[in-house]
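What follows is a single structure, written as C-alpha cells, with notes after it.
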Amino acid sequence: MPKEYKTPMLDELEKGPWPSFVKEIKLAAKNSPMSNDLLGLLERSYNERIGHWKHGGIVGVMGYGGGVIGRYVDVPEDFPNISHFHTIRINQPSGWFYTSDALRTLCNIWEKRGSGLTNMHGSTGDIVFLGTKTDELEPIFSELTEAGFDLGGSGSDVRTPSCCVGPGRCEWACYDTLKLCYDITMRYQDELHRPAFPYKWKFKMSGCPNDCVASIARADISIIGTWKDDIRVDAEEIKNYDKAGMDIFNDVVLNCPAKCMKYDAKAKAIEINNDDCRHCMHCINAMPKALRPGTDTGAVVLIGSKAPIVEGALLSSVLIPFINLDDEDEREDFFDLIEEIQDVWCEEGKARERVGEFIQRVGMGNFLEAIGVEPIPEMVAYPRDNPYVFYEDYYDDEEEDE
Amino acid sequence: MALTVEQIADEMYKQVEEAAQVKKKLKPGDLTKTMIKLHEDEGVDKKMCKAAIRELVNNGRCVYTYFGGSFIEIPHKEGASND
Amino acid sequence: MPGAMQERLTDIGPPNFEEFLPPVIKKNYGQWKYHEIPQKGVMVHVAESGDKIYSVRVGSPRLISIDTIRFYAEVADKYCDGYLRFTSRHNVEFLTTVEENVEKIKKEMEAYGNPVGGTGPGITSIVHTQGWVHCHSAATDASGIVKAVMDDLSEYFTSKDLPAKCRIALACCLNMCGAVHCSDIAILGVHRKPPTIDHNNVNKLCEIPSVSASCPTAAIRPSTVDGKPSVEVIQENCMFCANCYTVCPAMPLNDPEMDGVSIWVGGKVSNARSAPKFSKLAIPYLPNTPPRWPEVTEAVRTIVEVWADNARPYERIGEWIDRVGWPRFFKLTGFEFQKEHIDDFKHAGLSFNRTAQLTR
C-alpha cells in the first residue's frame, strides 16, 4: 500500500481556472509510487521553501553522453521511491506534430518504466520524461528505438534542434523550417549524442522574423526566415480591413520602423517603398489577408545568443544576411561554415564558454578572420565608436621579410 | 608508423586514468588535442580521435559524465547517488 | 555488457515529422495563404487551394501525466483523425478540417479543465522550468507560481484582449533553462546568499581549479581550510549566479529565507516593429510565499493592467515603456526604484540615461 501524503499546501493549487500540475501529479500517483513520493516531497519543499534534489552526473545509456540527466533526492530515507529520479530527454518530431498513436506508444513505455509524468515539452523542445530509476534507462532506450524515437541532447553537445510550425501551417514561412530542423538533427546525430564541445550548441529555426521559437534569444545559430523581393499586396483586402474598422494609418503605417509606407486615406491604398523595408513583419501581422512576404525567400543566419550564465546574456547577431536554403550549394556552404566555426570554437574555446561568449572574448573581427568570413556592415548596429583600434596591417609583406 | 584507433584509445585511456589520480577531468576535446599534438606525424587526426573515444565509451572502459560540462572518465560511483 | 553494444541500434534520430502531418497539411504544405482568428483560441488557416484547417489551442500545465496525454489522444481521434501538435509555449493544438468540430473540441477540453485560448493580443501559457519538482539549483518553484499567476490572469488567455501579445516566462534560477531574458514579463528565481562551502567535500567532489575558474567575478580562490584543500569566496564579489554550484555540488546557495523571485519587464524576441530586446529589472526581490505567491501574482497583474490602460494598440510592454520612459513605468506601477535597478556589471554605463530628453 503506498504511503498516503497529506498535501494541504499543494491542494490549494488544485483550485482556480488554470489547469493544475498538482492534479497531474496526483493522477500519476495513482499508478506510480514514484509520483506518489514526488507529491510528498513537493509538499515538503512548499513547507520548507527549499528544493530537495541532487544533480547526478554519470547515469545515461550505453554509448551516449547526452539525453539523460541524473537526479537523486537528498532525503532518500523519507522518499525511497524517488531515491533515483532521472530525467530523459526524447527528441521531438519537427514542429511538435504527433499522431494519437505515437503519443500512446510513448505513454505505454513511460507507464511501464517511469513515473508517468512528462513535460510536453521541455524548454529546448524535447519530450521530457520526468523521473525513473537507473535500471530502467537501457530498457527505455531500446523500447524508444523500437518505436522510432531517439534521445535528445544534454551537456556539451548539439542540443536538440527545434523549429516553428513553418510551412506546415503558416503562410509566413519563408523556408521549410520543419525539414531543415529534421535534416540538421539527422546530420548531427553523432554530435548530439556524444558531447565533444566546450559547451552546449543550439540550432533554432524560425520561418519568419516573428521568431516563434525565440531563436534570436537562445540559439548559438539562429536561422530566421526573410525575403528579398517586394511585400505582396492585395489592394481589395486592404479596403476590407478599413471597412472592418481598422485604423490603418495609426496602427499599421505609423508602426512601421522604417517609415517606408504611405497611406492614401481616400483611396484606402498603401504604397510601400520596399527598398527601405526592414522585413520586421508588423504590417503583415496586422493585415494577414492583405499583405504577405515576397516570394524570393530565404533566411538570415545569426550567431551567438545565450542566457546569462556565465558572462551575461547575449542576443544573436548577423552572420549571413541572406541565404537561400533551397539551393543545394548554398546549403552545403552553410554546413561547411558551421563546421569551420565549431572547429575554431573547439580549438580555442574554454570550458563552459558558449560560442557567443567566445566571440566576445576574441573579438568578432578576429573570429570572422578565423572562420574565413569577410566583415560586412550588416553585422553591426553601428561601427565602433571608440578609437582604440588594434591596427594590424601597418607594414607590407615585403617589409616583413626584411 | 601509423597509429591504429585501438592504440589511440589505449593511450587516451591512460591519460584519463592519470588525470583521475590528480582529480582532473578531461573533455573529449582535451584528449583529441593532446593526441594530435603528440602523434600528428603518425597520422593521428580528429576523425581517428573521435573513433577512439567512441571505442572507449562503447566497450565500457570509459563513460561520459556531465557534472558542470561533459567529460570522459573511468566509470565510478557518482557523488550524488544514494546507492 | 561490452558485447551487446555492437548490435545495438543507435542514432536513429527523431521520427520524420512527415509521418505525423494531417493529410490537409501534406496537400497544402507551404501553400497557406492567410489565417484568421474567428474566436480566441481558434485559428483558421486558408490555403491557396481553398482548403481550410482549424486549430483549437488549449492551455496545459506543461507538467502533465500520461493520463492527460491519453485524453488528448482520444480527443484527437474523435475530432481530428488522430492529428494534433504542441506549440513552443506548451499549448496543445487540435487540428481539424471540420468546422463543427471546433466547438466540440472546446467543450471537451473545458470539461477536462483545460481552457481554450492563447491566440492574438493577450496572454498565452507561461514558458517555465522545473523548480522544486525536479531541479537541484531552483531558487523557487516554477509550476506553482505559474499556476497562481495564470489563475489570476486566465481571462486574458480565454477572452479579454490586451494591446498586444504579452509573453510571460519563468526560470527558477539564473541558469534560465527557459531563456526568459527576452520576455514581456519574466519571473526569475534568485539566490541572495553566497555559497555555503562544505570544506570536507570540495576536494572530494570537485576539481578546485575549475571551481575557481567558474566564477564570472573571480570571487573564488583556492585555499586550505583545516588542512584540507578547498576554496574561499570573497563574499562581497559574489552576485549569486550559482555557476560554482553547477560545477561543484559542495557549494550550495539554496536558502529558504534568502531565496526568492525577481520580476523583469519589456523584453521581446519578435522583430516586429522594434528590434528584439532583453527584459529589464522591475522588482529586485519578492519572497518565496508558497503555495500561491501573492506578492508575485499582484506584481504581474499590476504590470499587465498598467500597460493595458496606457499602451497603444500593438505596443508590447517594452515598446510602451520605450515611448513613455522608465520614470513613468515606476510611477504608474508604484514599484520602488532602488540601487539594484542600476546595472553595475560589464558595459553598465550603456544603460545610464545619456540624454536630456525627459518626460514630465
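Just so it is clear: chains get the letters A, B, ... in the order the sequence lines come, proteins before strands, and each one is counted from 1. Bear in mind the structure is a predicted one, so any value in this text is a computation, not a measurement.
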Q.
Can you tell me which of C:V269, C:V24, C:L63, C:D255 forms the most heavy-atom pairs within a distance under 4.5 Å of chain A?
A. C:L63
(Q) Below 4.5 Å, heavy-atom pairs only: which of C:I64, C:T140, C:V127 has the largest tally toward chain A? (A) C:I64
Q.
Can you tell me which of C:H90, C:R89, C:E19 forms the most heavy-atom pairs within a distance under 4.5 Å of chain A?
A. C:H90
**Q.** Segment of C:H45 engaging chain A (4.5 angstrom heavy-atom cut-off)
**A.** side chain
(Q) To the nearest 0.5 Å, what is the distance between CD1 on C:I66 and CZ on A:F129? (A) 8.5 Å
Q | Side chain, backbone, both or neither of C:H35 within contact of chain A (heavy atoms, under 4.5 Å) | A | both
Q.
Does any part of the side chain of A:V165, heavy atoms only, come nearer than 4.5 Å to the side chain of C:R85, both counted from C-beta?
A. yes
Q: Dump the intermediate steps for side-chain contact (heavy atoms from CB on, under 4.5 Å) on C:C241 and A:I309, then the final yes or no.
A: CA-CA 7 Å; C:C241 72; A:I309 301 292; 4.0 Å; yes
Q: Give the ring-plane orientation class for A:F149 versus C:F20, where under 30° counts as parallel, over 60° as perpendicular and anything between as tilted.
A: parallel
**Q.** Pairs of heavy atoms under 4.5 Å with chain A: top-ranked of C:I53, C:N16, C:T68
**A.** C:N16
Q | Under 4.5 Å from a heavy atom of chain A, the part of C:E18 involved | A | neither
Q) Are any side-chain N or O atoms of A:D150 and backbone N or O atoms of C:I12, one a donor and one an acceptor, separated by less than 3.5 Å? A) yes
(Q) Is C:V247 close to chain A through its backbone or its side chain, or both, or neither, when contacts mean heavy atoms under 4.5 Å? (A) side chain
Q: For A:V213 and C:S88, work out which heavy atoms get closest and say how close.
A: CG1-CB, 4.3 Å
Q) Which answer fits C:E93, side chain, backbone, both or neither, if we ask what part of it has an atom under 4.5 Å from a heavy atom of chain A? A) side chain
Q | Segment of C:E48 engaging chain A (4.5 angstrom heavy-atom cut-off) | A | side chain
Q) Which region of C:S154, side chain (C-beta onward) or backbone (N, CA, C, O), has a non-hydrogen atom less than 4.5 Å from a non-hydrogen atom of chain A, or is it both or neither? A) side chain
Q: Please confirm whether the backbone N or O of C:D11 pairs with a side-chain atom of A:Y64, one donor and one acceptor, at under 3.5 Å?
A: yes
Q: Would you mind telling me which of C:A138, C:A242, C:S60 has the largest number of heavy-atom pairs within less than 4.5 Å of chain A?
A: C:S60
Q: Report yes if the side chains of A:P19 and C:M150 come closer than 4.5 Å at any heavy-atom pair, otherwise no.
A: no
Q | Side-chain donor-acceptor pair present, C:E315, A:N255, cut-off under 3.5 Å | A | no
**Q.** Side-chain touch A:H282/C:R273, heavy atoms, less than 4.5 angstrom
**A.** yes
(Q) If only side-chain N and O atoms count, and only distance matters, is there a donor-acceptor pair under 3.5 Å linking C:S214 with A:R352? (A) no
(Q) So, using side-chain contact (heavy atoms from CB on, under 4.5 Å) as the criterion, who are the partners of A:K350 when residues are at least two apart? (A) A:E353, A:R361
Q. Checking C:N288 against chain A: side chain, backbone, both or neither under 4.5 Å from a heavy atom?
A. both
Q) Do A:W53 side-chain atoms and C:V133 backbone N/O form a donor-acceptor pair below 3.5 Å? A) yes
Q: Check whether any side-chain heavy atom of C:L95 lies under 4.5 Å from a side-chain heavy atom of A:F97, and answer yes or no.
A: yes
Q: Establish, from distance only, whether the side-chain atoms of A:H55 and C:S137 form a donor-acceptor pair under 3.5 Å.
A: no
Q: With A:N119 as reference, evaluate C:H128, C:Q130, C:H134 under the side-chain hydrogen bond (donor to acceptor under 3.5 Å, both in side chains) test and give the passing residue.
A: C:Q130
Q. So do C:F86 and A:Y98 actually touch side chain to side chain, heavy atoms under 4.5 Å?
A. yes
Q: Output yes when A:E24 and C:R62 qualify as a salt bridge under the 4.0 Å nitrogen-oxygen rule, no when they do not.
A: no
Q.
For the interface with chain C, which of A:T185, A:L38, A:N31, A:L130 has the highest count of heavy-atom pairs at distances below 4.5 Å?
A. A:L130
Q: Indicate the atoms forming the closest heavy-atom contact of A:S100 with C:A73, along with that distance.
A: CB-O, 3.5 Å
Q: Tell me, with the steps shown, if C:D141 and A:S45 meet side-chain contact (heavy atoms from CB on, under 4.5 Å).
A: CA-CA 9 Å; C:D141 189 36; A:S45 280; over 6 Å; no
Q: Can you see which heavy atom on C:P291 is nearest to which on A:L13, and at what distance?
A: O-CD2, 3.4 Å
Q: Indicate yes or no: does A:E138 engage C:R8 in a salt bridge with an N to O separation below 4.0 Å.
A: yes
Q.
One pair to check against side-chain contact (heavy atoms from CB on, under 4.5 Å): C:T10 and A:R194. What are the steps and the verdict?
A. CA-CA 11 Å; C:T10 64; A:R194 294 169 195 83; 3.9 Å; yes
Q | For C:Y29, all residues meeting ring pair (Phe, Tyr, Trp, His ring centres under 6.0 Å), sequence neighbours excluded | A | none
Q. Is the backbone of A:K15 close enough, under 3.5 Å, to the side chain of C:K147 for a donor and an acceptor to pair up by distance?
A. yes
Q. Side chain, backbone, both or neither: which part of C:T87 has an atom under 4.5 Å from a heavy atom of chain A?
A. backbone
Q) Which atoms of C:N175 come close to chain A, meaning under 4.5 Å heavy atom to heavy atom: side chain ones, backbone ones, both, or neither? A) both
Q: Against chain A, label C:P249 side chain, backbone, both or neither, depending on which of its atoms sit under 4.5 Å from a heavy atom there.
A: neither
Q | Under 3.5 Å: donor-acceptor pair, side chain of A:Q189, backbone of C:G13 | A | yes
Q: Specify the closest pair of heavy atoms between C:Y112 and A:K23, including all atoms of both residues, with the distance to one decimal.
A: O-NZ, 3.1 Å
**Q.** Side chains of A:C107 and C:R70 in contact at under 4.5 Å (non-hydrogen atoms)
**A.** yes
Q: Using modelled atom types only, decide if a donor and an acceptor are shared between the side chain of C:W32 and the backbone of A:G168 within a distance under 3.5 Å.
A: yes
Q | Side chain / backbone / both / neither for C:F345 at chain A, heavy atoms under 4.5 Å | A | side chain
**Q.** C:D67 vs A:K26 side-chain heavy atoms within contact, under 4.5 Å
**A.** no
Q | Contact class of C:C135 relative to chain A, heavy atoms under 4.5 angstrom | A | both
Q.
Assess whether a salt bridge exists between A:D211 and C:K268, defined as any Lys/Arg side-chain N lying under 4.0 Å from an Asp/Glu carboxylate O.
A. no
Q: Apply side-chain contact (heavy atoms from CB on, under 4.5 Å) to C:H136 and A:K54, showing your working.
A: CA-CA 5 Å; C:H136 64 293; A:K54 293 186 286 181; 5.7 Å; no
Q | Distance flag, aromatic centroids of A:Y46 and C:W293, threshold under 6.0 Å | A | yes
Q.
Looking at C:D77 and A:R104, is there a salt bridge between them, counting it only when a charged N and a carboxylate O are closer than 4.0 Å?
A. yes
**Q.** A:R218 side chain near C:M176 side chain, heavy-atom distance below 4.5 Å
**A.** no
**Q.** Closest non-hydrogen atom pair, C:P115 against A:W18
**A.** CG-CZ3, 3.6 Å
Q) What residue in C:S274, C:S55, C:A171, C:A47 has the most heavy-atom pairs under 4.5 Å with chain A? A) C:S55
Q. Shortest non-hydrogen contact from C:H181 to A:A313?
A. CD2-CB, 3.7 Å
Q | Short side-chain donor-acceptor distance under 3.5 Å, C:N254 and A:R49 | A | no
Q.
Counting only non-hydrogen atoms closer than 4.5 Å, does C:D81 touch chain A with its backbone (N, CA, C, O), its side chain (CB onward), both, or neither?
A. neither
